[in-house]
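Structure first, commentary second.
Letters A, B, ... are given to chains in the order of the sequence lines, protein chains preceding strands, and every chain is numbered from 1. None of these values were measured; they are calculated from a predicted model.
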Amino acid sequence: MRIATWNVNSVSARLPRLSAWLESARPDVVCLQELKCSAEAFPAEEISALGYESLVNGDGRWNGVAVLSRVGLSDTVLGLPEGPLFDGGDESRAAAATCGGVRVWSVYVPNGREVGHPHYAYKLEWLEALRRTAQKEAPGPMPYAILGDYNIAPTDDDVYDRSAFEGSTHVTEPERAALKALRDVGLTDVLPRPLKYDHPFTYWDYRQLCFPKNRGMRIDLVYGNAPFSAAVRDAYVDREERKGKGASDHAPVVVDLEL
DNA sequence: ATGCCTTAACGTTTAAGA
């Protein structure tokens, strides 16, 4: 089984590239983030024409996640159980489904904006709610994984230059501690291989030639339980999708499993 | 071999992204 996660930065703007990629990579299951559209506006027909069912959690202008599957889509959940609100709103940041015998979550962890900003506290609360959910769900024999845009670089090796992130979100100790707490419920970071250069970065800012200069970050992660991790045969970052006109600022992370 | 930011929205700019 091939399973992938990709922050598409608007599913509407990315539809041509997403469609072409689904046809060429032929993943069985895809977790999408940053749909930037409502559930009603999601291009389910175009996706369906390629053989995929869609589970969509979308609230409009920002956020939004989906699970696409061509191996079944059942026991669906929309939203993070007992997740925090931000500014009184319930943002669309999580969706879960069982696809072909694998339980998956597609998550878009809050950005945090600035250290000390209310969104940063919300980010940490959101991660704690995710940890509580994973603590209940990860144990057991079924392969289980939380895939998505975590908006955290787990280690200093996961950013192109640690000094460029002094005082920034995404690299702080509390964020990394929240990730470790999540792993401690029994999840392993499935490290993808890069197709070029030394670090499997998954995100490069659109500005200042960051992609050509490989000024990237690894913030799109796959956290799998023991049965999931044991089934991994390969994992890689498809940097080809970051190239050219009409690219997202994130590349897909692709995981091949032998179940 | 990659190209100097992109997206959606009550738009003539703003907020958000990370």
Do the side chain of [X] and the main chain of [Y] share a donor and acceptor less than 3.5 angstrom apart?
X	Y	answer
A/Asp87	A/Gly89	no
A/Asn57	A/Leu78	no
A/Ser229	A/Gly224	yes

So does [X] get a side-chain nitrogen or oxygen closer than 4.0 Å to the phosphate oxygens (OP1/OP2) of [N]?
X	N	result
A/Tyr108	B/dA18	yes
A/Arg113	B/dA16	yes
A/Asn7	B/dG17	no
A/Ser168	B/dA18	no
A/Arg14	B/dT7	yes

Rounded to whole angstrom units, what separation is found between the [atom1] atom of [X] and the [atom2] atom of [N]?
X	N	atom1	atom2	answer
A/Tyr203	B/dT6	OH	P	12 Å
A/Leu195	B/dA1	CG	P	14 Å
A/Asn9	B/dA15	CG	C1'	14 Å
A/His250	B/dA18	NE2	C1'	8 Å
A/Arg215	B/dC4	CZ	C1'	11 Å
A/Arg176	B/dA18	CZ	C1'	14 Å
A/Gln33	B/dA18	CD	C1'	15 Å
A/Glu114	B/dA15	CD	C1'	13 Å

Can you tell me how far [atom1] in [N] sits from the matching atom in [M], rounded to whole Å?
N	M	atom1	answer
B/dA15	B/dC10	C1'	15 Å
B/dT12	B/dA8	C1'	15 Å
B/dA18	B/dT6	C1'	13 Å
B/dG3	B/dA16	C1'	24 Å
B/dT14	B/dA1	C1'	35 Å

Which part of the nucleic acid, if any, lies within contact of [X], taking any heavy atom under 4.0 Å across all strands shown: a base, the sugar-phosphate backbone alone, or nothing?
X	result
A/Asp149	sugar-phosphate
A/Thr169	nothing
A/Gly112	nothing
A/Tyr150	nothing

Side chain of [X] - closest among [options]:
X	options	answer
A/Gln208	B/dC5, B/dA9, B/dA18	B/dC5
A/Tyr206	B/dG17, B/dA9, B/dA16	B/dG17
A/Arg207	B/dC4, B/dA8, B/dC5	B/dC5
A/Ala13	B/dA15, B/dT7, B/dT6	B/dT7

Report the C-alpha separation of A/Arg103 and A/Asp75 in whole Å, then their side-chain angles, then the decisive distance to 0.1 Å, and conclude whether the side-chain contact (heavy atoms from CB on, under 4.5 Å) test is met.
CA-CA 9 Å; A/Arg103 184 72 179 162; A/Asp75 299 305; 3.6 Å; yes
Earlier contact from the 5' end, DNA chain B, for A/Glu34 and A/Lys213
A/Lys213
By nearest nucleotide on DNA chain B, pick out whichever of A/Cys37 and A/His170 is the more 5' one.
A/Cys37
Base B/dA18 paired with A/Asn111 side chain (donor-acceptor, <3.5 Å)
yes
Specify whether A/Phe165 and A/Tyr160 have parallel, tilted or perpendicular ring planes, treating 30° as the upper limit for parallel and 60° as the lower limit for perpendicular.
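A/Phe165 vs A/Tyr160 ring planes: perpendicular.
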Can you classify the ring geometry of A/Tyr223 versus A/Tyr150 as parallel (below 30°), tilted (30 to 60°) or perpendicular (above 60°)?
tilted
Would you please indicate yes or no on a ring centroid separation below 6.0 angstrom for A/Phe86 and A/Tyr122?
yes
